[in-house]
Student: 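The structure under discussion is supplied below as structure tokens; questions concerning it will follow.
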Amino acid sequence: MIVIKQFDELTTRELHDIYRLRIAVFVVEQKCYYQDVDEIDPISYHLQIIDKGQLAAYCRIYTVRQDDHSRQTVKIGRVCVARAYRHIGLGKQLLKSAISFIEEKYPNARIEIQAQNYLTKFYESFGFTAISEIYLEDEIPHIDMELV
């Protein structure tokens with residue numbers, strides 16, 4: 001089941017599960033110590049894939065700016081799949097759902113993602129292309145990408 005909610009619509013249990021998954025993946029598994037809970041969460045849509053009451057996959061979606069032609073830029077961030085649900089296609093389902101939501105909610109918006117470099121090919125399979133050089137973010141190689 002796919003659930004998309006704004007921050008204020010999340011239950012305390014949902015918020016707990018989101019933070020628990022993000023910390024498990026980005027802080028513990030990747031041994032990357034950074035401030036996961038930030039000022040972007042309250043302005044985001046939170047897309048969750050729930051399986052049998054468990055949070056299986058997650059990402060957040062938020063607008064960052066408008067360009068000179070009043071075109072919005074929407075970012076997909078904190079893309080993660082719980083370890084027990086990996087390699088069964090949930091990452092693809094998650095990204096397809098995020099893109100569909102953005103295209104419906106923000107027609108003609110630019111869609112960007114800050115991808116870990118090792119996932120470049122995955123995002124390219126959806127039509128994303130690099131718009132930056134590789135750089136370190138919290139000591140992990142990243143690249144900015146845009147859906148074209």
Side-chain angles (χ1 to χ4, degrees), residues 1-38 40-64 72-148:
M1 168 176 61
I2 295 174
V3 176
I4 302 174
K5 293 183 177 183
Q6 291 181 295
F7 185 80
D8 291 339
E9 298 172 315
L10 295 169
T11 67
T12 52
R13 171 58 60 190
E14 288 170 323
L15 189 58
H16 169 268
D17 291 347
I18 288 167
Y19 288 154
R20 185 170 177 250
L21 176 61
R22 286 178 8 188
I23 290 169
V25 172
F26 298 120
V27 177
V28 177
E29 284 182 29
Q30 297 181 355
K31 296 176 180 57
C32 182
Y33 307 106
Y34 73 103
Q35 182 63 48
D36 178 62
V37 179
D38 60 20
I40 295 172
D41 284 323
I43 63 168
S44 295
Y45 285 91
H46 300 268
L47 193 156
Q48 307 164 71
I49 296 179
I50 310 294
D51 179 60
K52 299 174 188 152
Q54 298 294 316
L55 179 59
Y58 166 85
C59 70
R60 66 183 184 184
I61 299 164
Y62 58 99
T63 60
V64 290
Q72 285 188 301
T73 297
V74 180
K75 286 197 172 193
I76 301 170
R78 299 291 202 269
V79 177
C80 56
V81 176
R83 185 183 296 262
Y85 291 93
R86 292 185 190 153
H87 308 293
I88 60 170
L90 281 190
K92 290 179 182 178
Q93 182 183 351
L94 182 73
L95 206 56
K96 284 179 188 176
S97 297
I99 292 168
S100 292
F101 173 79
I102 293 167
E103 289 175 343
E104 184 177 312
K105 179 92 176 149
Y106 304 99
N108 302 313
R110 290 174 44 141
I111 301 175
E112 294 182 357
I113 194 159
Q114 181 185 26
Q116 291 187 12
N117 189 54
Y118 81 95
L119 291 168
T120 300
K121 295 287 184 215
F122 172 76
Y123 291 115
E124 286 175 343
S125 73
F126 289 90
F128 283 88
T129 60
I131 57 171
S132 76
E133 298 295 322
I134 297 170
Y135 59 92
L136 289 180
E137 177 82 21
D138 298 314
E139 303 304 315
I140 296 173
H142 281 74
I143 190 164
D144 295 333
M145 302 183 83
E146 178 183 1
L147 185 65
V148 291

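These numbers come from the heavy atoms of this one structure, side chains and all, not from hydrogens, waters or symmetry mates.
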Student: I need the minimum non-hydrogen distance between Pro42 and Asp38, along with the two atoms involved.
Tutor: CD-O, 3.5 Å
Student: Apply side chain to side chain contact (heavy atoms under 4.5 Å, CB included) to the pair Glu14 and His46, showing each step before the final yes or no.
Tutor: CA-CA 10 Å; Glu14 288 170 323; His46 300 268; over 6 Å; no
Student: Indicate the atoms forming the closest heavy-atom contact of Ala56 with Leu90, along with that distance.
Tutor: CB-CD1, 3.5 Å
Student: Which heavy-atom pair separates Phe26 from Val79 by the least distance, and what is that distance?
Tutor: CZ-O, 3.3 Å
Student: If I take atom CZ from residue Arg60 and atom CD from residue Gln6, how far apart are they, to the nearest 0.5 angstrom?
Tutor: 14.5 Å
Student: Can you tell me how far the CD atom of Glu133 sits from the NE2 atom of His142, to the nearest 0.5 Å?
Tutor: 16.0 Å
Student: A side-chain contact here means heavy atoms from C-beta on lying under 4.5 Å apart; do Tyr33 and Val27 qualify?
Tutor: yes
Student: Any side-chain heavy atom of Ile61 sitting closer than 4.5 Å to one from Ser44?
Tutor: no
Student: Enter the distance from Asp17:CG to Thr12:OG1 here, rounded to the nearest 0.5 Å.
Tutor: 9.5 Å
Student: Would you say Met145 and Thr120 make side-chain contact, with heavy atoms under 4.5 Å?
Tutor: yes
Student: Which of these, Arg78, Gln48, Arg22, sits in a side-chain hydrogen bond (donor to acceptor under 3.5 Å, both in side chains) with Tyr58?
Tutor: Arg22
Student: With no hydrogens and no angle check, just 3.5 Å: does a side-chain donor-acceptor pair link Gln114 and Tyr135?
Tutor: yes
Student: With side-chain contact (heavy atoms from CB on, under 4.5 Å) as the test, pick out the partner of Cys59 among Ile49, Ile76, Val81, Leu95.
Tutor: Ile76
Student: Given side chain to side chain contact (heavy atoms under 4.5 Å, CB included), test Leu15 with Arg13 step by step and report yes or no.
Tutor: CA-CA 5 Å; Leu15 189 58; Arg13 171 58 60 190; over 6 Å; no
Student: Between Ala130 and Ile143, what is the shortest heavy-atom contact and its length?
Tutor: CB-CD1, 3.5 Å
Student: Run through Val3, Ile102, Ile4 and flag the one making a side-chain contact (heavy atoms from CB on, under 4.5 Å) with Leu47.
Tutor: Ile4
Student: The test is ring pair (Phe, Tyr, Trp, His ring centres under 6.0 Å); show your working for Phe122 and Tyr118 and say whether it passes.
Tutor: CA-CA 9 Å; Phe122 172 76; Tyr118 81 95; 9.7 Å; no
Student: Using a 4.5 Å cut-off on heavy atoms from C-beta on, say whether the side chain of Phe128 contacts that of Ile99.
Tutor: yes
Student: Which distance, rounded to the nearest 0.5 Å, do you find between the CD of Gln72 and the NZ of Lys105?
Tutor: 10.0 Å
Student: Whether the Tyr34 and Asp36 side chains hold a donor-acceptor pair (N or O, under 3.5 Å, no angle test) is what I'd like checked.
Tutor: yes
Student: For Tyr19, what residues pass the side chain to side chain donor-acceptor pair (under 3.5 Å) criterion, not counting sequence neighbours?
Tutor: Asp41
Student: Working note: Thr63 + Thr73, criterion side chain to side chain contact (heavy atoms under 4.5 Å, CB included); need CA distance, chi angles, decisive distance, verdict.
Tutor: CA-CA 6 Å; Thr63 60; Thr73 297; over 6 Å; no
Student: Look up atom CG in Leu94 and atom CD1 in Ile2, then write down how far apart they are to the nearest 0.5 Å.
Tutor: 8.0 Å
Student: Roughly how far, to the nearest 0.5 Å, is the CG atom of Leu147 from the CD1 atom of Ile111?
Tutor: 5.0 Å
Student: Sequence neighbours left out, what pairs pass salt bridge (charged side-chain N to carboxylate O under 4.0 Å, His left out) with at least one residue falling in residues 79-102?
Tutor: Glu29-Arg83, Glu29-Arg86
